[in-house]
Structures are given as C-alpha cells and as structure tokens.
Amino acid sequence: MVSREHNRAALHEKLQVLRSLTNSHALRKSSIILDASKYIKELKQKIQRLNQEIESAHSIVHDNPLPSVSMVCSHLVTVETLKKGFLINVFSEKSCPGLLVAVLEAIESLGLSVVEAKASCTNAFLLELFGREGESVDAQVVKAAVLHAVESFHGSSEAA
C-alpha cells in the first residue's frame, strides 16, 4: 500500500516536471503527455530546419572560391515571425567577446524589445532570442540588420 502511494507520488512529480518543461497548462495526465508529444515534434522540426540551414550555409561558404570574411567565419541568421514578435536564431562558428552586444544593439535599433534570450559563447556563438516589436517590422529587415551586425563585428575584429 505504501509502495503504491510512493509510486503515485513519484509519477505525479514527474508529470509536473514534464508539464513545466513543455510549458503545458494541462491538468490531466493524458493532456500533459499529449502536449509533451507535440512539443517534441516541434523541436524535431526545428532541429531539421536549422540543420538544413546550417548545411546550406556551409555549402555556400565552401563553394565560394574567393577568400572573404564569410569563409573564415561562417554565420547563420534565421528569423521567424510570431504573433507578437520574432524568434531570432544566430549561429557563428567563431565566438568573439562583444558579439552578443552587437546583435542586441542591432535588434534595439529596429525598435524590438528582447523578451527572452539564450546565448552560448563557449566554442561557437549561439543565440536564440524572442523579440517583441514596438511597431510593424518585416522579418527580412530584422534578418538583414542582425546579419549585418554579425558580419560587421567579425569584419572589424578580423581587421584588428
């Protein structure tokens, strides 16, 4: 009897952890598991899309016969339009101190406010950022501004 209660409590705790990890608002076990399944599918699709974009960026870099900054350090910027803002992903093979600041300044110059950001600068530079727009801004404009900031930053750090 005690073992059954212990197992039930452990399962409830694990479901609550799963619920919080997947940002689910469901209360029933089956709904929490269904939300988690949807969340995993979305993550898989996102990984596939980012891998394809990285492959295409690498092929562009390696097919380019002229030496340039992008051959020395390839970078990738993706922008997804959301209901009330943008999801911005930045990848650069080279991590440089100050790159995060350059990207954030570019985003701020467009009138976007940063709601949430995750960054890693260990070996490469990775940034996932959710920005909310103050006024209507086109996704291509956001992408161009962020890409310009990354390329300008790498260009100025290469020259130094």
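Nothing fancy with the numbering, it's 1 onward along the sequence. Any value given below was found using the heavy atoms of this structure, including those in side chains, with hydrogens, waters and symmetry copies removed.
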What heavy-atom pair brings Ala26 and Asp35 nearest, and what distance separates the two atoms?
CB-OD2, 3.6 Å
Would you give the length of the straight line joining atom CZ of Phe86 to atom OG1 of Thr78, rounded to the nearest 0.5 angstrom?
12.5 Å
Value for OG (Ser24) from CG (Leu34), rounded to nearest 0.5 Å, stands at 9.0 Å
Do Leu104 and Leu129 make a side-chain contact, defined as non-hydrogen atoms from C-beta onward lying under 4.5 Å apart?
yes
Does one hydrophobic cluster hold both Val115 and Val101, with members joined at side-chain heavy-atom distances below 4.5 Å?
no
As an exercise, state the distance from CG of Leu87 to CD of Glu116, rounded to the nearest 0.5 Å.
9.5 Å
Sub-4.5 Å side-chain heavy-atom contact between Ser3 and Asn7:
yes
Which pairs pass salt bridge (charged side-chain N to carboxylate O under 4.0 Å, His left out) with one or both residues in residues 3-20, sequence neighbours excluded?
Glu5-Arg8
Please tabulate, for the side chains in residues 39-51, all donor-acceptor contacts under 3.5 angstrom to protein atoms that are two or more places apart in sequence or on a different chain.
from	atom 1	to	atom 2	distance (Å)
Lys46	NZ	Glu128	OE2	2.4
Arg49	NH2	Glu80	OE2	2.5
Asn51	ND2	Ile47	O	3.3

Check the surroundings of atom CD in Gln16: do more than 12 heavy atoms from other residues, nucleotides or ligands lie under 6.0 Å from it?
yes
With heavy-atom distances below 4.5 Å as the criterion, would you say the side chains of Leu76 and Asn89 are in contact?
no
Grab the two heavy atoms, one from Ala149 and one from Ala106, that are nearest each other, plus how far apart they are.
CB-CB, 3.7 Å
With sequence neighbours excluded, tell me which residues meet side chain to side chain donor-acceptor pair (under 3.5 Å) with Thr22.
none
Which pair of non-hydrogen atoms, one from Val90 and one from Val146, has the smallest distance, and what is that distance?
CG2-CG1, 3.6 Å
Working to the nearest 0.5 Å, report the span between CD1 of Ile32 and CG of Leu27.
7.0 Å
